Protein chains: 2
Amino acid sequence: MRKTPAPSLATNVAIALNAVIAVVDGDRPKVLCVRAPSGGPGQEAGRELALPYGPFDPERHRTFEIGVREWVERQTHVTLGYVEQLYTFGDKGREAPAAALAGGAGERVVSVGYLALAPGLAELHAEDALWADWYSFFPWEDWRGGEPAILRELIIPGLEGWAGAADSKEQKKARQARVNLAFGLDGFGWEEERTLDRYELMYEADLVVEALRDRGDEKTQTPGTGVAMISDHRRILATAIGRLRGKLKYRPVIFEMTAPAFTLLQLQRSAETIVGFKFHKQNFRRSVEKSGFVEATGEMTGETGGRPAALFRVDRDGLKDRAAAGLAIPRLRRPGD
Amino acid sequence: MRKTPAPSLATNVAIALNAVIAVVDGDRPKVLCVRAPSGGPGQEAGRELALPYGPFDPERHRTFEIGVREWVERQTHVTLGYVEQLYTFGDKGREAPAAALAGGAGERVVSVGYLALAPGLAELHAEDALWADWYSFFPWEDWRGGEPAILRELIIPGLEGWAGAADSKEQKKARQARVNLAFGLDGFGWEEERTLDRYELMYEADLVVEALRDRGDEKTQTPGTGVAMISDHRRILATAIGRLRGKLKYRPVIFEMTAPAFTLLQLQRSAETIVGFKFHKQNFRRSVEKSGFVEATGEMTGETGGRPAALFRVDRDGLKDRAAAGLAIPRLRRPGD
DNA sequence: ACTATATATGCTCTAGTTGAGCATAATTAC
DNA sequence: GTAATTATGCTCAACTAGAGCATATATAGT
C-alpha cells in the first residue's frame, strides 16, 4: 500500500480557444473562417483556411466562454448568441502547425473548441475573414440532392480498399464494420450526426489532404474530398457539425439561427440545411405546429413563388416550456429502402 | 478593415486530468475517489474527497486519453475500459483550492474531465483511494425508492425561496422556470440526465456546501444535500453522471459495466442504478431481447430467490451491428401522473 | 381568360412503438 | 403445503412516424 502522490502539474502548455461560428444563409450552411497567415513548408499554395481562434488569457478571462465571446466580438464584430463547449483537442501532432500558426516555439498547444450559433450573416470587418459553406469542407455530408456522387464513386471504394488492406482478417472485419456504421452501409442507416466518425475514417484512409500533409507526404491532393483546413481545424468543424445536428433533435437550438419571422418551409429548409437531407413537408409542419415552439404572426408572405404562406415567430413562452425538446428530425430515407 | 492579428498564446496554465471512474456494484453505483491531502483553511475536518487526478505531461503523453489511462493504471491499478472526454473546466475560482491541491503556486489550473467505465470493483492498492456510492454526493438523484424525501422537504423549498428572492419579477420567473425544468416541476418530467443543471441550481441557491466554502463563508454545513468534494469535483461528477445517463439511451455502454454473464433482471438493475429509477420489468425484457445486444448462454442461475433465470451474455456481433443504439430507457413515471 | 406550375395546407391510413397490466411458471423460505 | 419471490409470455390501448392523397392560392406564360 502506498499513498497516492500529489501530482505536480506541468505548465508548458498553451491554450487556444477555437470557435465554430455557424449560421444558416437561406439553404447554405456557413461557418466563419479566417485565412491563416500562410501554411507550413511545402504549402506555397498560399493561405489555408482556419477557424477563428484566440488565446485564452487566464488573467483577463474568468471563464473560457467569456474568453471566446470577448475575442470573437473584438476581432470579427460578430455578436454571438448561443455558445457551448465542444471538445478539447490536445493530440500531439497538432502542435507543429498550430505553433507555426501562433508564431510561437514548439510548445504544446491545446485547444478548446466552441460551437456558437448566430441568427444570420454578420458583416465582417476583418479583411481575411469570410463565411464559408461548410459543405465545401465536407461534400459527402450534403444529401439534400440525393446521395452525393462522390460517395459511391470515390469515398466508399477508397474506404473499402483501406479496409481490405488491413493486416489480419480480424482487422479487415473491424475496419469494414466501422465504415459500414459510419457511412450507413450494409443495412445501417445514414446517421447525420456521425460527421466526426466519417471524417476520421477518411483521414485514416488517406482520403483527405490533411492526412498526407500531417505525414509530410509528397502528394498534396485528394480531389473531390473537400477543402482542407489548417492543423486539425477540419476535425474540429466536423465535431461541431455533428454536435449541432444531434442537438437539433433534443434542444430547440434551430431558433438561435432563424430570422424573427419565417414560414414553416423556411424553418424546414434551415433544419434540412444543417441536417443535410430533406424532410417530408407535411409531417414536418405537423410536428412543428404541435411542438409549441412557434406561433402564427397572423401575417402572410407572398414571396414564396406559390400560394402565400403564413408567417410564424418563435413562441418564447412555448420555448421555455419545451426547452427540453427539439425538432422531430426524421431519418434519412434512401430511395432503395 | 484590418487584418486579424495572429494571437499570441499564454502559457501560465497547468492542465490536470480528472477521471470519473464509474462501476456498478449490485445496486450501488460507485465512483473511484481519493482522500485529498487535507483541505484549505477552515477545513480542519480532515481530508475531503476528490476525484483521482493526474498531471498532463505533454512530453510523455501523445493524447489526453493516453495520459488518463497511464496514470490511472499506475496509481490505482484499475484497468480502464471505455473512456471518453467529458468537459474541460477552466473557471476562475477553481484555482485556489486546485492549486493548494497541486501544491503549486497561484497559477491557473484547467482540468480536462474524463469518464471511464469499468466492469466491476477493482481491488485498490492505494490506501487513500476508495469506491464511493455516487448517490452519497447526490441523494436527490436516486428515485429508485420513489421521490427522495429530501427533495420535497428541503431542496425544492430552498430553490423556490431562492427563486423568490430574485431582484426583479423577470428574474424570479426566469429562476423558477429553470428550477421547474431541471427538477421536473409544474408539468415538466424529471429528466434523469439533467444532473448538472440540478447541481448548478443548488450551488447558486447555496444549498450545497461548496457554494459557501468557495465564498469563504462561515457556515460549513448544508445538511441533507450530500457529501462535498474538493474544488469543483462534485460538479465534474455531476457532469459525468448526466453524460452516462444520457449515453445509455443511444449507445450500448451498459455492457462496459456488466459481468460476462447476467440475468435480464441483473442487467435491468444495473441500468436502474445508473439512471436512478425503476423500470417496468416486462417491457425492459422485451426491448432488450429484441435489441440484439444479448444472447442466451443456455444456462440458468438459481440464485435469484425465485424461479431460476436464464443467463445471457453480450452478443458481440449484435453489439457491433447495433453500436448506434442504446437501451430503451423509459421515462420516470411519478405515481400522480 | 386559361393553363401550367409552384408552394401551402388539411387530412387519412398504416405500421410500429411504448406504457401498463394480466396470467402463468418455477423456485425458495417457513 | 403455503406463501413469497422471481421469471417469462402475452395482450391491449394510446400514441407516433412515415407516406401519400387532395385541395387551395399564388405566379408566369400564352
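Because the structure is a prediction, the values reported are computed rather than measured. Residue numbers begin at 1 in each chain, while the letters A, B, ... track the order of the sequences.
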Counting only side-chain nitrogens and oxygens, does B:Lys281 get under 4.0 Å of the OP1 or OP2 atom of D:dA7? yes
Test of understanding: with ring pair (Phe, Tyr, Trp, His ring centres under 6.0 Å), list the residues that count as partners of A:Phe255, not counting sequence neighbours. A:Phe293
Is B:Glu141 paired with B:Arg194 through a side-chain N to carboxylate O contact shorter than 4.0 Å? no
Which residue, A:Ser287 or B:Glu289, contacts DNA chain D at a nucleotide closer to its 5' end, judged by nearest heavy atom? B:Glu289
Rounded to the Å, how far apart are B:Gln268 CD and D:dT6 P? 12 Å
To the nearest Å, give me how far apart CD (B:Glu272) and P (D:dT6) are. 12 Å
Determine whether A:Thr195 and A:Arg243 satisfy the following criterion, side-chain hydrogen bond (donor to acceptor under 3.5 Å, both in side chains), listing intermediate values before the conclusion. CA-CA 9 Å; A:Thr195 44; A:Arg243 184 79 135 260; over 6 Å; no
Ring-face cation contact, B:Trp190 with B:Arg198, 6.0 Å cut, 45° max: yes
Integer-rounded Å distance: D:dT6 P and B:Arg285 CZ: 14 Å
For B:Leu311 and D:dA7, give me the distance from atom CG to atom P, rounded to whole Å. 11 Å
Is any NZ, NE, NH1 or NH2 atom of the basic residue among B:Lys247 and B:Glu193 found under 4.0 Å from an Asp or Glu carboxylate oxygen of the other? no
Assign a letter to each nucleotide of nucleotides 21-30 of chain C from its 5' end: B, base within under 4.0 Å of a protein heavy atom; S, sugar-phosphate only; -, no contact. BB--BBB---
D:dC10 P sits how many Å from B:Lys290 NZ, rounded? 16 Å
Of the candidates D:dG9, D:dA19, C:dT7, the side chain of A:Leu265 sits closest to C:dT7
Mark yes or no for whether A:Trp140, through its side chain, and A:Phe183, through its backbone, hold a donor-acceptor pair below 3.5 Å. no
Basic-acidic side-chain contact under 4.0 Å: B:Arg313, B:Glu295: yes
Whole Å only: how far is the CZ atom of A:Phe279 from the P atom of D:dA17? 13 Å
Roughly, in whole Å, what's the span from CZ in B:Phe284 to P in D:dG9? 15 Å
Whole angstrom value for the distance that separates C1' of C:dG10 from CG of A:Leu264: 13 Å
Scan A:Arg286 against the nucleic acid and name what it touches under 4.0 Å (heavy atoms): base, sugar-phosphate only, or nothing. base
